Amino acid sequence: MPDKFPRLPPSGIKVIVVGAGFAGLAAAIECDRKGHSVTLFEKVDDIDEITRIGDIISFDPNGSKAFERWPGVVDSMEAIARQTDWLDLYHHEGLFVTRQSFAPEKAWGRRINGHRGQLHSIIYRHAVECGIDIRLGSRVEDYFETDYPPQAGVVVNGQRVSADVVIAAEGVRSRGRKIVLGSEENPKSSGYAVYRAWFPADRIRNNPVIQHLVTHGDTHMGFIGPDIHFLASSIKDATEVNWVFTHIDDGNIEESWQFPGKPSEALKYLEGWCPVVHELVKATPDGRLIDHKLVYRDPLPTFISPKARITLIGDSAHPFLPTSIQGASQSIEDGVVLATCLELSGKDDIPTALRAYEKLRYARVHRAQATGPKTRERWHKADWSKVWKNPEMIHLEREPWLLNFDAEKDAYDRYALVVEELAGVKPRL
Ligand SMILES: Cc1cc2nc3c(=O)[nH]c(=O)nc-3n(C[C@H](O)[C@H](O)[C@H](O)COP(=O)(O)OP(=O)(O)OC[C@H]3O[C@@H](n4cnc5c(N)ncnc54)[C@H](O)[C@@H]3O)c2cc1C
């Protein structure tokens with residue numbers, strides 16, 4: 001059968017990608033698909049250091065569109081994804097409030113919810129199968145760009161490596177930001193942290209308070225209370241269980257952190273919460289609970305370096321709060337758009353590709369980012385006298401502008417227009 005989305009002929013463009021998270025892998029795969037030649041540097045020696053992180057992650061239709069173009073990837077993901085198209089929402093004391101159905105969104109594309117590490121592994125394996133030059137154990141120490149020759153590059157393991165363009169996808173603590181912004185700048189606390197747990201369903205199968213989570217197939221539920229939301233689900237034909245809840249970050253550590261969590265500590269935040277939530281936390285086995293600080297950044301003034309040969313993507317450009325349910329999907333969109341802009345600019349006009357990429361992404365990604373605090377406030381500060389009369393008030397906003405969106409099509413459609421607009425803009429020196 002002919003390949004539905006064949007690799008384009010070689011473009012002659014050499015790309016360096018830094019980081020093999022969702023953003024870096026998507027950029028690498030999409031650049032490869034467009035015929036660009038990719039080298040990816042990832043600091044970890046063993047990819048399992050990233051993929052064993054157990055937590056639920058969601059890709060909405062706008063993010064999962066890219067997976068459809070990567071042969072075999074969607075089928076592998078569907079096989080391990082949660083089979084629910086609803087979210088049951090409860091008051092934190094246990095009363096059922098409302099079921100939000102996601103069925104009407106099927107026309108927009110797939111929602112894929114699954115184990116973050118396992119979904120990541122599927123994408124990583126696809127990148128390896130594409131033959132992308134992935135160099136593990138390669139920590140990028142610095143970035144540079146030059147006029148003559150017109151190039152950008154990285155310093156890795158003490159060596160300078162050059163290419164036509166460098167994509168910095170190293171997450172929230174990105175070193176690439178220094179050359180883009182001209183100075184160091186640290187992420188700030190969002191004021192919140194999350195407890196995250198994932199474990200076998202056998203732990204709860206005989207517990208009469210919570211066994212309903214795993215007796216009739218996959219489930220998905222949320223409990224809403226003051227300053228906390230607690231999400232739980234069962235997955236893989238209800239053989240595995242996961243839960244996650246936000247809590248105020250009352251630690252005094254400024255930097256991002258991640259610690260093994262203790263159920264007894266987590267329970268202190270949940271006084272007065274219903275027995276389902278308590279039993280789920282208590283059932284969590286040792287070593288399966290993580291306490292993770294959520295860091296944030298205000299929107300950066302730009303994603304691209306002064307000579308427009310280095311760009312930030314994913315969390316290094318725009319970290320997302322989990323309540324937006326969009327961080328990973330937007331990271332994927334970044335890679336898709338960037339690879340397309342490079343295809344359309346060609347090797348001789350890389351700066352135009354990067355400027356067009358920024359223009360195509362900037363407003364959209366920040367509008368998506370703003371949905372995180374909005375949903376969190378809607379849940380954490382819910383006015384229950386109003387919610388009981390109108391339960392849909394606490395539904396997640398599911399907007400077509402965000403979800404019914406094909407980033408590749410949008411880039412093809414708008415590239416020429418955006419480049420024309422940019423022609424009136426004087427480049428930075
Ligand atoms: C608790 C939590 C839950 C979330 N839930 C969701 C969700 O449900 N849906 C959703 O869409 N988003 C969610 N997000 C957000 C989402 O996880 C991120 O937006 C997304 O993973 C960002 O990917 P990234 O590739 O930009 O960064 P990262 O995943 O941080 O990847 C960066 C990579 O770069 C590597 N690296 C770093 N520095 C260097 C260096 N110097 N040299 C070489 N390599 C380097 C790292 O090892 C890593 O592999 C959540 C985030 C959190 C914290």
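All values reported here derive from a predicted model rather than from experimental measurement. As the structure lists them, so they are numbered: ligands from 1, and atoms in each ligand from 1.
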Looking at side-chain heavy atoms only, is the closest gap between [X] and [Y] below 4.5 Å?
X: R110; Y: E68; value: yes
X: H120; Y: L25; value: yes
X: C31; Y: I167; value: yes
X: R288; Y: P200; value: yes

Under 4.0 Å between a Lys/Arg side-chain N and an Asp/Glu carboxylate O for [X] and [Y]?
X: D218; Y: K236; answer: no
X: K14; Y: D164; answer: no
X: R111; Y: D85; answer: no
X: R116; Y: D55; answer: yes
X: R355; Y: E358; answer: no

Can you list the atoms of ligand 1 that are under 4.0 Å from a heavy atom of [X]?
X: A169; answer: 32 (C), 33 (C), 34 (O)
X: Q326; answer: 10 (C), 11 (O)
X: P322; answer: 2 (C), 3 (C), 4 (C)
X: F22; answer: 21 (O), 25 (O)
X: D55; answer: 1 (C), 3 (C)
X: F41; answer: 43 (C), 44 (N)
X: S329; answer: 11 (O)
X: R139; answer: 41 (N), 42 (N)

Is there any N or O on [X] that sits under 3.5 Å from an N or O of ligand 1?
X: A23; answer: yes
X: R196; answer: no
X: G314; answer: no
X: F320; answer: no
X: K43; answer: yes
X: H292; answer: no

What is the nearest protein non-hydrogen atom to [atom], stated with its residue, atom name and distance?
atom: atom 23 (O) of ligand 1; result: S331 OG, 3.8 Å
atom: atom 48 (C) of ligand 1; result: E42 OE1, 3.5 Å
atom: atom 38 (N) of ligand 1; result: E170 CB, 3.4 Å
atom: atom 27 (O) of ligand 1; result: G171 CA, 3.5 Å
atom: atom 15 (C) of ligand 1; result: G327 CA, 4.0 Å
atom: atom 29 (O) of ligand 1; result: G21 CA, 4.0 Å
atom: atom 2 (C) of ligand 1; result: R116 NH2, 3.5 Å
atom: atom 8 (O) of ligand 1; result: S58 N, 3.1 Å

Next on the checklist: Is S138 close enough to touch ligand 1? Criterion: a residue heavy atom under 4.0 Å from a ligand atom.
Outcome noted: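 Right, S138 reaches ligand 1.
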Checklist entry - Under the side chain to side chain donor-acceptor pair (under 3.5 Å) rule, what pairs show up with a residue in residues 312-324, not counting sequence neighbours? => result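 Qualifying pairs, neighbours excluded: H318-D334.
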Checklist entry - Of L231, T284, I56, V277, which is the lone residue that meets side-chain contact (heavy atoms from CB on, under 4.5 Å) with W243? => result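 Among L231, T284, I56, V277, the one that satisfies the side-chain contact (heavy atoms from CB on, under 4.5 Å) with W243 is T284.
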Next on the checklist: Which residue is it: I16, L342, V17, I310? I am looking for the one with a side-chain contact (heavy atoms from CB on, under 4.5 Å) to V165.
Outcome noted: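 Exactly one pass, corresponding to L342.
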Checklist entry - Given that the side chain starts at C-beta and the backbone is N, CA, C, O, which of these parts of L294 lies under 4.0 Å from ligand 1, counting heavy atoms, or is it both or neither? => result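 For L294, only side-chain atoms sit under 4.0 Å from ligand 1.
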Item to check | A328 contact mode with ligand 1 (heavy-atom cut-off under 4.0 Å) | outcome: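 It is both parts that get close, each with some atom under 4.0 Å.
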Next on the checklist: If you take the nearest heavy atom of each of T323, D315, V140, V18, which one is closest to atom 26 (O) of ligand 1?
Outcome noted: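 Shortest heavy-atom distance from atom 26 (O) of ligand 1: D315.
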Checklist entry - With respect to atom 7 (C) of ligand 1, which of T246, V244, I57 exhibits the smallest heavy-atom separation? => result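 It is I57 that holds the nearest heavy atom.
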Item to check | Y192 and H380 aromatic centres sub-6.0 Å | outcome: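 Yes, close enough.
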Item to check | Output field: ring centroids F230/H92 closer than 6.0 Å | outcome: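 No, ring centres 6.0 Å or more apart.
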Item to check | Partner residues of K34 under the salt bridge (Lys or Arg N to Asp or Glu O under 4.0 Å) criterion, sequence neighbours left out | outcome: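 With sequence neighbours excluded, K34 shows a salt bridge (Lys or Arg N to Asp or Glu O under 4.0 Å) to E343, E408, given in chain and number order.
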Next on the checklist: Less than 6.0 angstrom from the centroid, inside 45 degrees of the normal: does R361 satisfy that with respect to the ring of F303?
Outcome noted: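 The answer is no, since R361 fails at least one limit relative to F303.
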